[in-house]
Amino acid sequence: MAMKPELMKRMVKGPDGLEFEVEPLRDYYCEAPPTVMPAAYIKIVEDLFNWARAESIWILGFGTGCGAIEMRPLMTPRFDAYRYGVQWRPTPRQANLFIISGYLSTKTLKRAIRAYEQMQNPKYVIGLGSCTINGGMYWDSYNTIKRLDDYLPVDLYIAGCMPRPEALLSGFMDLKKLIRAGKGEGANKYVENFDWYKANQKRVIHDWDMPDYNW
Amino acid sequence: MAHLAMATGFLLILIGAWGALTNRNLLRMIVAFTIADTGVNLVIIAVGYMRGRTAPIIDGAVSAADAVTRIIDPVPQALVLTAIVIGVGVTALMLAYTYRLFEKKRSLDIRDYTDLKG
Amino acid sequence: MSFDWMKIPYSLLTLFIVVNYGFLLNALIQKIGARVGRRHGIPIWQNYVDMIKNYGLRSSITHGVMFYLGPVFRLSGGVGLLLFVPTIYGSYMFSNLSFAGDLILALYFVFFGTLGMALGAGESGHPHAAIGITRGLSQMTAAELPFGLAVFSVALQYQTLSVTEIVAAQQGGILNWTLFTNPLAVTAAMLGFLGSMMRPPFDVVLAPQEIPIGPPTEYHSSYLALMQTNRAIFPVAKIVIYMNLFFGGADDWLTFCFKVFLIYLWSAFVGVVFPRFRVEQSIRWFLVWAVPLGVLSIVVV
Amino acid sequence: MSALYIIAVGLGSAFVLGMLNERQKNLGYVITLAALTVMSAISAQWLIIFAATGAHPIDIFTAGTQPPFAINLRMGVIESALTLLISLTGLLSAIHMGNALVARGRRAMAVLVIAIMALCGIVLTRDIFNLFVFFELIVIATGGMVLLSDDERAVSAGFKYLIVSQFISVLLLIGIIFAYHATGTLNIDGMAEQGASAFALAFFLMFIAVIAELKPFPANGWALDIYESSHPGFSAIFSAATGTAVLFAVDKLLLIGGAEWFPVASGVGIVTFVGANLLALPQTNDRRLLGYSSIAQTGLILTVLGQQDILGQNYLFIAGGLLLAHAVAKAGLYWLSDLVASRQLTAWAALKERPLLVFAFVTFVAMLCGLPPFPGFYAKWELAHALAAEGRMAMLALILFGALLEAGYLFRWFGYLIKRESDEKVVCSATQAIPVFAAVIAGWVLGFVWGELSVTRFGLNNLLLTLPLLFALSFLLIEWAPAWLKNTVAIGGMVAFFVMTYAEYDPLRLIFAVIFLIGGAITLLASYSAHGRRVGFYPAAMLMYAGMIMLIRTTDSFGFFAAWELLTVGSYFLILRGKESEPHALSYILFSLGGAFLILAGFALAASAVPPAPTFSLANLAALTAPVAPWVFVLLAVGFMTKTAAIGVHIWLPGAHAEAETDVSPMVSGILLKAGLYGLFVLLMAMGKQQLFGIELTHALLWIAALTALLGNLMAIFQEDGKRLLAYSSIGQMGYAVFGLALMNHLGWLMALMFVINHYIYKAMLFLSVGGVAKRTGTRDMYKMGGLITLMPLSFIATLIGIIAVSGVPPLSGFGGRWIFYNAIMTSDVRMPMVILFLAGPIAFLYLFRLIYTIFLGQLKDEFRRVKEAPFWIVLPQMIYVALLMIFAVFPGIALRRVDEYLNQFFPEGGLGWSGNEITSAYGYWNPVSIMIIICVIFGVLLAWLMFVDRKAQKVKQFNIVFSAEAPYRPETTHFAWNFFAPYRKALGFLVLPLATMFWGTITGLLHTGADIARRFYTGNGQTYAFHFLLFVIVAYAIRIGF
């Protein structure tokens, strides 16, 4: 396992002259494991929340592959996804929907995992384009992942190479239905199968240099 | 006569001063100072001199009673004696100094003794 | 000290009205902006949904005590600002808690939320948050200046610092408004107003892609919900001050809504037309264009 | 015993010594000491007789005849004092030079005795030729004594001296003989009766020759070489005793010359004083520096001699005070210099391990600078008043300028002593210690005597009898005690003094008294965190507090000025204790002394305009009228503003406050700055509005204050050093306070007072908390810190409360200040400066946020992961301040209500109304209690709501941030802190160009360059020096004719 030098354990001297050990992965990062977040106790509240979640989809402004280019037209007058309560947020903390827009190289996967884990529960993943389903034209690439589902809990795929913005809009509509039906539980699924996901992730990411869960 | 002495005195003073300021040699400077001292002494004597009077020695020739009208002013003469003594003292001290300086650096040039400055 | 306990429900009523109006107004302004771009934009109720959604998020993290308190400071600032100023002129019911202090209290309480928010964002440890704050604070020093000068000018004009009395002095016809009696001050203040609304050309503070929305970059879930609430209240509360000082105040809620909307629209109008300034550019802009007007208004009044 | 015995004993013992066997060295030494003791005893006996009985001087007729037929000596109170001074200096120097004398043998001892005898002779004789003889004796004796030195260069120095002496004696002799020729007498009094106009040229020659013996600038190169190279014991005599005797000789000659020669003496004196002090600036050799200083001091006294036409009967008090202070201090310093092995000024650092020697040094420096409670202080005071009374302001200005230069190099030297490192050991034998400490004791005794004299003559105050000062000085006696004990005594003393006196203050002064005494005591709590004995801290701190409390208790200008100097000096010592504070402490003391001199000049000018009274009451300032009044106002205001660090004279503050120790910074910032404000209060209370050249001076003050506020704040935001940031912030805050004062209305003053209180509380608190952090982290650079909130939570709370208060955000007390400010400016008729102040306000947020963010928030660095909360004793006062701040925020009326009423006597209009908890003005209203409750309720409700909806928040660590889906590299690169306000620098950075620093830097640079150029004329060549002398004579004559 290749560890970056800045993440290695080291001895540090404090201002009072005493030396002590700093282990960045332990000291800089929260090591708590993620937990399953139960739905609201009262059903009607949860329904309200699900309705709100469906009508307020905040997309993480993060493009992974060539499909990212298809998201931009959604903001334009022609498609205007804002009409449907779909908006873009620049930070994963505030986003609910992560669109993996096309092929995902293993290098990008690490960033995608980090960004996904930094989003708040409940959160949704859309796989955009064939590459996220089976690798698409990169089916035999040494450097991309083939099945997004193995690494992140995908709620919805939008097939095509590339799918047009209309397909995306339609995908959003489908996602809304899923959410409203209370089926958008990818985040909890991720936690429940945490070990499996992590094993899959670590299998392809050889320079794993972050805590298991990026809070 | 008195004016001549006085003029000579001042001339000597100026010569002495000129010599002390222009000669670099310590011994020559000392000589210049003695010349100037002599000039000063001459001036003092000249100031005290009064035409037609005699030396201020009260003896048979001049009685104490008429001393006031007959003798010249004795004070400058007394002063000159003191001045000469002092002049000799200072000259001796300067010579002693010159000896010490020469011992140290084997030089009599005043320009060689400028360690202290500013 | 005798305290009229009815003030509390009255104030809550004001708060309720303003929150709702603010949510709708924000959406409306956003829609207007979208229409300029020939889009439909968000639904008018979108902000409600967003807020419910954010409350509905199940998980949240905290970076520490100040991080936790930041949104509380922020919203307290907004609520306080609203309640320290009488909303409806001549109405005891909607004079809120203005007995606690005059105009100066409101002016300085503006910073309560700003400061708390800055501290909370600071504790997140995110450099972008800090960068955003430095930009915001830097810009604020210049943008508040013309407003401060205008306030001073108006206070001098009416010889009072009480908001109620300033509004009272403007009654009796539109020509009695400060807008017409002291146009220089109003112009200066309205230029300064642009800087405090976080809209283009003065929105480099948030710069969504450069420093992912700056200070609140780490905020989410219920924190964000609180801050959204504040985003509904705060602009309105601030505009209320402008309205009271410069535009004759409001006798009833209808006038209120109308005036607030128009004042808000001014910043939206400028915002959709102009591109973004960098911080030093906006500072210079305020100092060159707005401040001299403010100074002039003080000298002239 | 007759005074003649002084001469007789001197001559006799010299003869006896001459007859001794070469090997009877010890016997010779005993004889020497005995002779000098007898001479001292005779002088002392006469001094006591004259001082006790006030008898007239006694004439001693040598040949039993009246003058002019014989030489007569005169012994009076002055003569006895001077001969005592001379012979005591000789005795102590003999003790000091014991080894050298014994080694050189009887001849050297004889020369010493002769020298002292001759010096006494100069003082005693009334015969002009006798004077010449004694002069020549001194020349010869000096020539001999110079050889005592181990320094080989002394020989050449002695020779140069002899060369010039020859010229001098020629001039003197010619002058004497022609004077005699003209008057027919050699008796000084006889000549004086006839007046010098008949023989002006002759008199000029005599006069200039005697003055030349004072080594006037610039004809003094030879003397400096002597000072530098001869044995310090002799240098002490050369400086203290010779200078004294020659000055008295000049005085006698002035008796002949009469008033028309006074300007010559003054002119030569003042040129010498300023010139020699200027030349002393670039010196690095201690003894040469002392030489320049000696020359300068004699120049000053010569100036005083030249001013005797206006000094009247005070002339002796002034000249004597200056002379004694100079002689005692200079002799002491020369003796002290023998303990230091090498001759660099910096080598004096070796002394710092010896507190007693440091104390001696401080005593001497304070005497030379004319600081209270030494004689020079009283003399300076009276001199300034006398000069001002006669309108000689140019002379006063030159004297003060020279004094400032002198303070500059002396305090720089003291800084070296305290702050530099030296590995040399100081060996102090009893024979070396006795003279030094004799001088120290003499210095303090003289201080007391002059204090008493000042009481009887002028109705001033003997500072050494004032309780606060005695209390401060008493800490010198308990320096052996551990710090905690001294701290307890200090706190106890301050609180007790407050309890004793609090009923005596009016409400305004009560606020200052509370801050100075109780506030000081709270600040001192932090000092419990110090360990060991902390030598030097308590006398300095208590001196400062003593000065401050004396400042507000005094009613006359003298007490005020004395207190001002005391607090300045005390705080200087305190500031100097910081690690890197040497240059900053120096600039502090120079600006402060400069300011103090302006105050002195102002008081002197003011006193000149009112009918003569024993003391000048501060209240009399109100009686002044134009044209004097505005100038007094300017002088005093600028003087006070050096202390409040108004823009332009602010450059001392940041360094001084930042480099000071952790518990000192709050004292000098939170408390000391208020002294300047108090001064301005007093000034404005008495004088009100003044106009100069049509300019309303309070308006000028408004502009200065507003610029100070703006630029102070602006500079604060660009600081990387936390304490510097706070220091610049103080500049800005003082700007606000001065602004309030300058508004000249009821609320303006109330606002200033509000700032006084607030600034004390939050700045002391902030300095303590930042200081505590700096103590724990070992750095003051804020960008090196970060994320300390969890490790130092209490310090964080203090800082948080502090910055909210400073920024003026409700509900904390800073808001009260802002509210009053707005109400105050409503009534002001000037509006433009407010614009600047409006800009300054929000800028405060920038530096405050930077302060708290870069230190406590953001990313925690590796090396600070284990730092602990600041020590208990540093945190405790902070928590007290937090409580005070809260109380004052909610109930400002506690402090302000009475003051508000008090201010009615100055401004009946525009007070506040206090009904219940509500505070009303003519324009608005404000209810601090309601505000606090409302904000707390809103905040509490919302917090409760958030805690309910967000009850499950996961606490994460510092790198759990969204970093564009990347991982941050290291905390150092992730903590955004350095150059925090870069865009602001781009926009407004041009405003913070260090113009003031450049200005003062250029001035000091020019002074040094000038001095360096002048130094080149001191070539070291004896002939050149002789030429200098002749040139000096010619130029002096030319100027004299030109009159």
Side-chain angles (χ1 to χ4, degrees), chain C residues 1 55 59-64 66 71-72 75-76 79-80 97 99-105 108-109 111-112 115 118-119 122-127 130-131 133-135 137-138 140-141 144-145 148-149 152 155-156 159-162 217-218 221-223 226 278-280 283-284 295 298-299, chain D residues 787 789-790 800 804 807-810 815 818-819 822-823 825-826 831-832 834-835 838-839 841-843 845-846 849 852-853 857-859 916-917 923-927 930-931 934-935 938-939 942-943 946 949-950 952-956 958 960-962 974-976 980-981 983-984 986-988:
Chain C
M1 189 182 73
Y55 278 125
S59 69
S60 63
I61 61 157
T62 169
H63 284 277
M66 279 320 292
V72 180
L75 186 52
S76 303
V79 173
L97 307 175
F99 63 86
D102 50 25
L103 182 58
I104 308 303
L105 173 65
Y108 272 88
F109 200 65
F111 300 119
F112 185 81
L115 196 62
L119 292 173
E123 212 199 355
S124 73
H126 203 300
I131 292 170
I133 295 163
T134 65
R135 291 179 181 183
L137 290 175
S138 305
M140 176 197 79
T141 58
E144 289 294 331
L145 185 54
L149 294 173
F152 183 42
L156 283 173
Q159 286 294 304
T160 178
L161 288 168
S162 156
T217 187
E218 280 286 310
S221 304
S222 38
Y223 308 113
L226 250 56
R278 287 152 55 104
V279 173
E280 67 271 16
I283 290 175
R284 280 191 213 120
V295 173
I298 286 186
V299 176
Chain D
I789 176 170
T790 49
L800 178 65
I804 295 179
S807 61
V809 169
F815 171 68
R818 301 306 198 285
W819 184 83
Y822 269 89
N823 282 289
I825 60 176
M826 293 287 290
R831 288 175 190 167
M832 288 305 286
M834 279 75 170
V835 177
F838 280 156
L839 179 58
I843 291 177
F845 285 96
L846 271 64
F849 178 72
I852 194 164
Y853 168 76
L857 306 176
Q859 296 283 339
N917 292 317
Y923 306 100
Y925 55 95
W926 165 48
N927 190 334
S930 306
I931 293 175
I934 291 170
I935 293 176
I938 296 176
F939 193 87
L942 289 173
L943 181 61
L946 183 66
V949 296
D950 194 18
K952 289 184 295 196
Q954 168 71 40
K955 175 84 177 73
V956 299
Q958 64 189 96
N960 289 111
I961 54 177
V962 292
T974 315
H975 188 53
F976 176 72
F980 203 59
F981 289 109
Y984 216 72
K986 246 184 196 168
L988 293 179

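So you know, we letter chains A, B, ... as the sequences are listed, proteins then strands, and number each from 1.
A distance of 8.5 Å separates CD1 of C:Ile298 from CE of D:Met834, quoted to the nearest 0.5 Å. Note that the CG atom of C:Leu105 and the OH atom of D:Tyr925 stand 8.5 Å from one another [nearest 0.5 Å]. Considering CZ of D:Phe838 and CG of C:Leu145, their distance stands at 8.5 Å, rounded to 0.5 Å. Atom CD of C:Glu123 and atom CD1 of D:Ile789 lie 4.0 Å apart (nearest 0.5 Å). Rounded to the nearest 0.5 angstrom, D:Asn823 CG and C:Ile104 CD1 are separated by 7.0 Å. Atom CG of D:Leu800 sits about 7.5 Å away from atom CG of C:Leu115, to the nearest 0.5 Å.
Residue D:Phe849 touches chain C through its side chain alone, counting heavy-atom pairs closer than 4.5 Å. Only the side chain of D:Phe815 comes within contact range of chain C, judged by heavy atoms closer than 4.5 Å. In this structure, chain C has heavy atoms under 4.5 Å from both the backbone and the side chain of D:Ile825. With a 4.5 angstrom heavy-atom cutoff, D:Ile931 touches chain C via backbone and side-chain atoms both. Heavy atoms closer than 4.5 Å to chain C are found in the side chain of D:Ile934, but not in its backbone.
Residues C:Val299 and D:Arg831 approach most closely at O-NH1, 4.3 Å, considering heavy atoms. Here the shortest heavy-atom pairing between C:Tyr108 and D:Ser807 reads CE2-O, 4.0 Å. Across all non-hydrogen atoms, the minimal contact from D:Gly924 to C:Asp102 is CA-OD2, 3.1 Å. In plain terms, the two heavy atoms of D:Ile961 and C:Gly125 that are nearest each other are CD1-O, 3.8 Å. What you find for D:Ala953 and C:Thr62 is that their closest heavy atoms are CB-CG2, 3.8 Å. Closest heavy-atom contact between D:Met826 and C:Leu156: O-CD2, 3.7 Å.
Listed by chain and number, the residues in a ring pair (Phe, Tyr, Trp, His ring centres under 6.0 Å) with D:Tyr984 amount to none (sequence neighbours excluded). For C:Phe111, the ring pair (Phe, Tyr, Trp, His ring centres under 6.0 Å) partners at least two apart in sequence or on another chain are D:Phe845.
Highest contact tally toward chain D, considering only C:Leu149, C:Val79, C:Val279, C:Thr217, is held by C:Leu149 [criterion: heavy-atom pairs under 4.5 Å]. Ranked by heavy-atom pairs under 4.5 Å with chain D, the list C:Leu103, C:Leu119, C:Leu97 is led by C:Leu119. The candidate with the highest count of non-hydrogen atom pairs below 4.5 Å against chain D, out of C:Pro71, C:Gly80, C:Ala155, is C:Ala155. When each of C:Phe152, C:Tyr223, C:Phe112 is scored by its heavy-atom pairs under 4.5 Å with chain D, the top score falls to C:Phe152. Options C:Gly64, C:Ser124, C:Ala130, C:Ser59 differ in how many heavy-atom pairs under 4.5 Å they form with chain D, and the most are formed by C:Ala130. Heavy-atom pairs under 4.5 Å with chain C peak, among D:Val835, D:Leu946, D:Ile804, D:Val809, at D:Leu946.
The shortest distance between side-chain heavy atoms of C:Ile133 and D:Tyr853 does not fall below 4.5 Å. With contacts defined as side-chain heavy-atom distances shorter than 4.5 Å, the pair D:Leu943/C:Ser76 does not qualify. Counting heavy atoms from C-beta on, the side chains of C:Val72 and D:Phe939 come closer than 4.5 Å.
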### Task
Check the pair C:Thr141, D:Leu846 against side chain to side chain contact (heavy atoms under 4.5 Å, CB included), reporting the backbone distance first and the verdict last.
CA-CA 8 Å; C:Thr141 58; D:Leu846 271 64; 3.2 Å; yes
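Few gaps surround NZ on D:Lys955; more than 12 heavy atoms of other groups in view lie less than 6.0 Å from it.
A distance-only check finds a donor-acceptor pair linking the side chain of C:Glu218 to the backbone of D:Val962 [under 3.5 Å].
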